[in-house]
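Every chain is numbered from 1 and lettered A, B, ... according to where its sequence line falls, protein lines coming before strand lines.
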There are 2 protein chains.
Amino acid sequence: MASSIHDLARHLNISIGTVSRALNGRADVNADTRQRVLEAAKKLNYSPNQSGRSLRRGSTYSIAFMLQPHPGDQQYGEPFFIPFLTGLQARLAESGLDLIVVMGAPGDYQQERLRRVVETRRADAVVLAWTRREDERIDYLTEAGFPFATLGRSRSGGTTYPSLDLDFEKAGADAVDRLVARGHRRIAAIRPSLDLNFGYLFLDGYRKALRRHGIEVDPGLIADGFINEAGGYQVTPRVLLAKDRPTAIIFNNDAMALGGCKAMAEMGIRPGQDIAVIVIVDTPLCRYFSPALTGFRPSLEPMGQRLAEMLLASLPAFAGEEGPRIMREVWPLELIARESD
Amino acid sequence: MASSIHDLARHLNISIGTVSRALNGRADVNADTRQRVLEAAKKLNYSPNQSGRSLRRGSTYSIAFMLQPHPGDQQYGEPFFIPFLTGLQARLAESGLDLIVVMGAPGDYQQERLRRVVETRRADAVVLAWTRREDERIDYLTEAGFPFATLGRSRSGGTTYPSLDLDFEKAGADAVDRLVARGHRRIAAIRPSLDLNFGYLFLDGYRKALRRHGIEVDPGLIADGFINEAGGYQVTPRVLLAKDRPTAIIFNNDAMALGGCKAMAEMGIRPGQDIAVIVIVDTPLCRYFSPALTGFRPSLEPMGQRLAEMLLASLPAFAGEEGPRIMREVWPLELIARESD
DNA sequence: TGTGTTGTCGTAAACGTTTACGGAAAAACG
DNA sequence: CGTTTTTCCGTAAACGTTTACGACAACACA
């Protein structure tokens, strides 16, 4: 059905070698014949067979993204990833690469699946998300010498791989600064449990800013929970019932904020009036919630594109001729002030 | 690096043909040699090269899923798809298939991308979501003779492909029944614009139930908007300002409901108190919103698994020996009663 | 013993590319 | 005109599998 390079060669009465060279833009082919080959390719609706090409060239022309459902909540996932994936895939497609998505089984933290991808060599590289502070996936990949990039930082693996992250530390500090400027001194922080790295970064920024303002850090105002609605709902009361009730809460996540606000509502506390609320990673939910939640907005799609570029530049087979590889970028989080603080 | 079938053969001092046959479980190989081959494979950490296998067998061992960001809203996407994808991928992986995700460019409704996937034969089959009433993608695929399955029904393409859908018609009717039983007569409906098929199905159920109760359908109580928060926010006031204000609203979607509730809040109307609210497709958002929204919950992950099964059964290369192909399934939507109605 | 059957395995072709190599013709140069 | 260089193209091998085909030995049966 699909026409092969042999069909083209037969049709034009030339050898398959010449056809291949013409198609691949090699120098040693006559301009005229190249023209004819390209026309015939269009006419016969030719497109190269990926398996043949992959086999010969030894690369699969695809990148694997390890996607995970919410830990602690199989029912729904992270809308966060969709726009990121859009950017990632768009940029990869420009270079003729496909995006393979591998879902992590809840529980095993992807090690098993990752191993399978690497060993069967189904992808040329891997993109990891939700990096942990110490991430065994990163250790495994560096040890195996398999190319990868990460959305999010980690302390594992040194600085040998491209990574792109948001500046959670600054966002945490900015949130505190803003709240302090508005008169708050008792500020709580809700972040994800597990050792998701951005939870640490956020908390570091929060702590440092508090100290800078001469406010001592009260462990009773910090709580960890699952990074979803249930987690926020479950954990927020713990902080609200502290002896000296906080006047402001910073949530690491919109889903946790939603759960937290639910808990408040049940306790008769009105977010935005009785207590200030700020969310670190803004989503449309924040904008349309009542009260509209102040948050920090990431630019997800450009981040996807950028990480794809960084990854591509680190792969010998796809690297252009440009200079030094950019291995590490941290993007700002833009504050969107609304009604909740 | 990765060991090939030749390495195994050399190591065992037998031919590659025998190795391949042993690995693939053919009958014409001595039980003893098969044992030795399997052991050597484990020892040398062998796994077959996908490109070589694909080239020879003529199938790619991967399925493409066409994923789309929200139309009219590039910033975020549909969390709905993540659990579905989890199930889909899990079942495909069982049969050794990969899941390739192709993001639609906003605007072109995927035709271009789809064509590329089909023509380069990068996948053995395609899974479509967000089916439209008349879907050009389905027309294209049937005409091209390319295998596919859909999440959602369509009027295109007859009944020649596996499809799995939710019973939006019944959910629409159930919602009306429930509201009428609680005394409502003026019931509004907010559904997505575009010709997304589930919007039609929902509205059909809604209309029929209304008539069944002897209530005439008021076009002023029906509105279409983008299927996201902004759409709900924009379109809900139109219905609220009808001459005879509705006492209940059914939203087709949690995001639209969120936007709608925002609009209500700004108009001083309290959902759950001044007006009843029901959402057709329930998410965690519905549960943790205040008031908690009554909604209909789908079982997304099992649906993903099931659609994968149906698709597999329709592919000659992967079909088992079981009976007739199941081409069409409609799953129920379970009502979760909460506080908003 | 001759013939047919069965079990096991090696050989080699094929899938669709890419590319190293060499050769023929044309062009350039003395 | 002879030699060298350049331009262009064909040949064939290679990537790692799967599988049709045939070969050979062992065995059964007459």
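When each of B:Ala31 and A:Ile16 is assigned the nucleotide of DNA chain C with its nearest heavy atom, B:Ala31 is the one assigned upstream, toward the 5' end. Nearer the 5' end of DNA chain D, as judged by each residue's closest nucleotide, is the contact made by A:Asn13, out of A:Asn13 and B:Tyr46.
Among the heavy atoms of the strands lying under 4.0 Å from B:Thr33 are primed sugar atoms or P, OP1, OP2 only; no base atom is included. Contacts of A:Ser20 with the nucleic acid, taken as non-hydrogen atoms under 4.0 Å apart, include base atoms. Residue contacts shown for B:Asp28 include a base, since a base heavy atom lies under 4.0 Å away. Contact annotation for A:Ile14: backbone-only contact, meaning every heavy-atom pair under 4.0 Å involves sugar-phosphate atoms and none involves a base. No contact: A:Gly58 has no heavy atom under 4.0 Å from any strand.
Between the CZ atom of A:Arg57 and the P atom of D:dA13 there is a distance of 22 Å, rounded to whole Å. Straight-line distance from the NE2 atom of A:His6 to the C1' atom of C:dA14: 10 Å, rounded to whole Å. As rounded to whole Å, 13 Å separates atom C1' of D:dT18 from atom CD of B:Gln50. The nearest whole Å value for the distance from the CG atom in B:Asn49 to the C1' atom in C:dT17 is 14 Å. Whole-Å rounding puts the B:Arg121 CZ to C:dC15 P distance at 16 Å. If you take CZ of A:Arg34 and C1' of D:dC8, they are 11 Å apart, rounded to a whole angstrom. Nucleotide C:dC9 holds its P atom 14 Å from the CG atom of B:Leu23, rounded to whole Å. Separating the CG atom of A:Asp7 from the C1' atom of C:dT17 is a distance of 13 Å, rounded to the nearest angstrom.
Side-chain atoms of A:Ser62 come within 3.5 Å of backbone N or O of A:Arg122 as a donor-acceptor pair. The main-chain N or O of A:Thr131 is never found under 3.5 Å from a side-chain atom of A:Asn197 such that the two would form a donor-acceptor pair.
Checked for salt-bridge contact, B:Arg137 and B:Asp135 meet the test: a charged N lies under 4.0 Å from a carboxylate O. For A:Arg116 and B:Asp98, the salt-bridge test passes: some basic side-chain N is under 4.0 Å from an acidic carboxylate O. Salt bridge annotation for A:Glu39-A:Lys42: absent, with no cationic side-chain nitrogen under 4.0 angstrom from a carboxylate oxygen.
Using a 4.0 Å cut-off, no side-chain N or O of B:Asn30 falls inside it from OP1 or OP2 of C:dG7. Within the 4.0 Å cut-off from OP1 or OP2 of D:dG10, at least one side-chain nitrogen or oxygen of A:Thr18 is found. Put simply, A:Ser54 has no side-chain N or O that comes within less than 4.0 Å of OP1 or OP2 on C:dT17. Regarding contacts with the backbone of D:dT17, every side-chain N or O of B:Tyr61 stays at 4.0 angstrom or more from both OP1 and OP2.
Side-chain N/O atoms of B:Arg21 and base N/O atoms of C:dG10 include a donor-acceptor pair closer than 3.5 Å. A donor N or O paired with an acceptor N or O is found under 3.5 Å between the base of C:dT18 and the side-chain atoms of A:Arg56.
Rounding to the nearest 0.5 angstrom, the gap separating the CD1 atom in B:Ile16 from the CD1 atom in B:Ile5 is 6.5 Å.
Considering only the side chain of B:Arg26, D:dT19 comes nearest among D:dT19, D:dG10, C:dG16. Considering only the side chain of B:Ser4, D:dT17 comes nearest among D:dT17, C:dC15, C:dT18. Checked against C:dT17, C:dC9, D:dC15, the side chain of A:Arg53 finds its nearest nucleotide in C:dT17.
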